[in-house]
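Heads up, the thing below is written out as structure tokens.
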Amino acid sequence: MVSGCVLEPSLLSLVKQVPGGKVTTYGALARALGDPIAARWVGKVLSENYRSDVPCHRVIMSDLSLGGYNKGVDEKVKKLKEEGIDVAAGRVNEKIFEDFVTSYPLRRYAETQLKLAQKVVLEGDLKVGRVAGIDVSYREGGKGVCSIFDLSDGSLIEELTIVKRPKFPYIPTYLSFREGGFIIELVKMMSKEERKDCILLIDGNGYMHPRKCGLASHVGVVLDMPTIGVAKSRLCGKSGEKGEIYINQELVGFAIGGNRYVSPGHRVSAYGSRRFVRRLLEAGIDPLRRAHRTSRP
DNA sequence: GCGACAG
DNA sequence: ATCTTGTCGC
């Protein structure tokens, strides 16, 4: 219950649909939520669930092995056998129940991303005077930090902080629904004048996203500000010979320095975003590292 | 079988 | 992101 409040009721009600004497898989539940990529989150939630009205013991792995259970796997096997399910050598011999009644809630979020993606502008002159790095860290809730630097002299102008509980779980490709609210609130704490002339560096992807709408693009469009995504690992795409990242032959971003992935968020091009981040680092300005450090305890 | 899977 | 969970593709 600590993580995703938003999708959790949907997930638990899906688990309740699995009849006694039948089993389903984490992946099948994720598909019923609207996206198989949520399978890992499904497993995490169910392994932590203690509600006796939710039959988590009927959820197993796609290879028919047992998976986890909060009271131990032995208890899971016992409950399954009591329901007449054939369990032998740590495997369940039963057809997978997948006949869920569902509204596929995750699809609505994906559709939101597709709509926002149509508003993304992949060009801009980046005539800005300030740069803000924004990062969110978690420990008993989330802490978002926005570190604003003056580009004329590289000095730290201001640092803003916000602490709140994220309402959306972490599911790959849906990060913007977890962290977008932190970023938007932080930017709204900036003065109008400060905001006007500022580009945002976001810890995550922009255009380098399966639906062309990662966190940086999402908040860029919502705030109508130039944004660049800088991620520490690759979510999707294929690497070219000079660090380019492609999705279906389309350039979506770059790997830089071997351990950073840069992609345009909004109102900047792919090459423009790489140039901007490179020049910042050459000038010794690292807003994201600063935001990351102050967000950590 | 081993690793990847934004944070 | 932390303490571990599933699935798919190489």
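Here is how names work: the chains are called A, B, and so on, in the same order as the sequence lines, proteins then strands, and each is numbered from 1.
- Proximity of a side-chain donor or acceptor of A/Ser65 to a complementary backbone N or O of A/Met61 within less than 3.5 Å is not detected.
- By the criterion of a centre-to-centre distance under 5.5 Å and near-parallel planes under 30°, the ring of A/Tyr170 forms a stack with the base of B/dG7.
- Counting heavy atoms of neighbouring residues, nucleotides and ligands inside a 6.0 Å radius, atom CZ of A/Arg91 exceeds 12 of them.
- Cation-pi geometry between A/Arg274 and A/Tyr271 is not met at under 6.0 angstrom from the ring centre and within 45 degrees of the axis.
- Counting any heavy atom pair closer than 4.0 Å across all strands shown, A/Asp203 reaches sugar-phosphate atoms only and no base atom.
- Both tests do not hold together for A/Arg178 against A/Tyr170: distance to the six-membered ring centre under 6.0 Å, angle to the ring axis within 45°.
- Aromatic pair A/Tyr207/A/His266: centroids not less than 6.0 angstrom apart.
- Listed in residue order, the members of residues 26-34 of chain A having a heavy atom less than 4.0 Å from DNA chain C are A/Tyr26, A/Gly27, A/Arg31.
- Going from the C1' atom of C/dA1 to that of C/dT5 covers 15 Å, rounded to whole Å.
- Both the sub-6.0 Å distance and the 45° axial angle are satisfied by A/Lys164 relative to the ring of A/Phe182.
- Looking at heavy-atom distances under 4.0 Å, A/Leu46 makes no contact with the nucleic acid at all.
- Which of B/dC5, B/dA6, C/dT7 sits closest to the side chain of A/Leu175 comes down to B/dA6.
- Counting to the nearest Å, the P atom of C/dT4 and the CZ atom of A/Arg40 are 12 Å from each other.
- Because its NZ or CZ atom is both nearer than 6.0 Å to the ring centre of A/Tyr174 and within 45° of the ring axis, A/Arg211 counts as a cation-pi partner of that residue.
- Of all nucleotides present, only C/dG9 satisfies the Watson-Crick or G-U wobble test against B/dC2, with each distance under 3.5 Å.
- Summarising the local packing, NZ of A/Lys71 is surrounded by more than 12 heavy atoms from other residues, nucleotides or ligands at distances under 6.0 Å.
- DNA chain C is contacted by no residue of residues 236-246 of chain A, taking any non-hydrogen atom closer than 4.0 Å.
- If you check every strand for non-hydrogen atoms under 4.0 Å, A/Thr173 touches a base.
- Residue A/Ser137 is out of contact with every strand shown, counting any heavy-atom pair closer than 4.0 Å.
- A 4.5 Å side-chain heavy-atom check between A/Ile228 and A/Ser263 finds every atom pair outside the cut-off.
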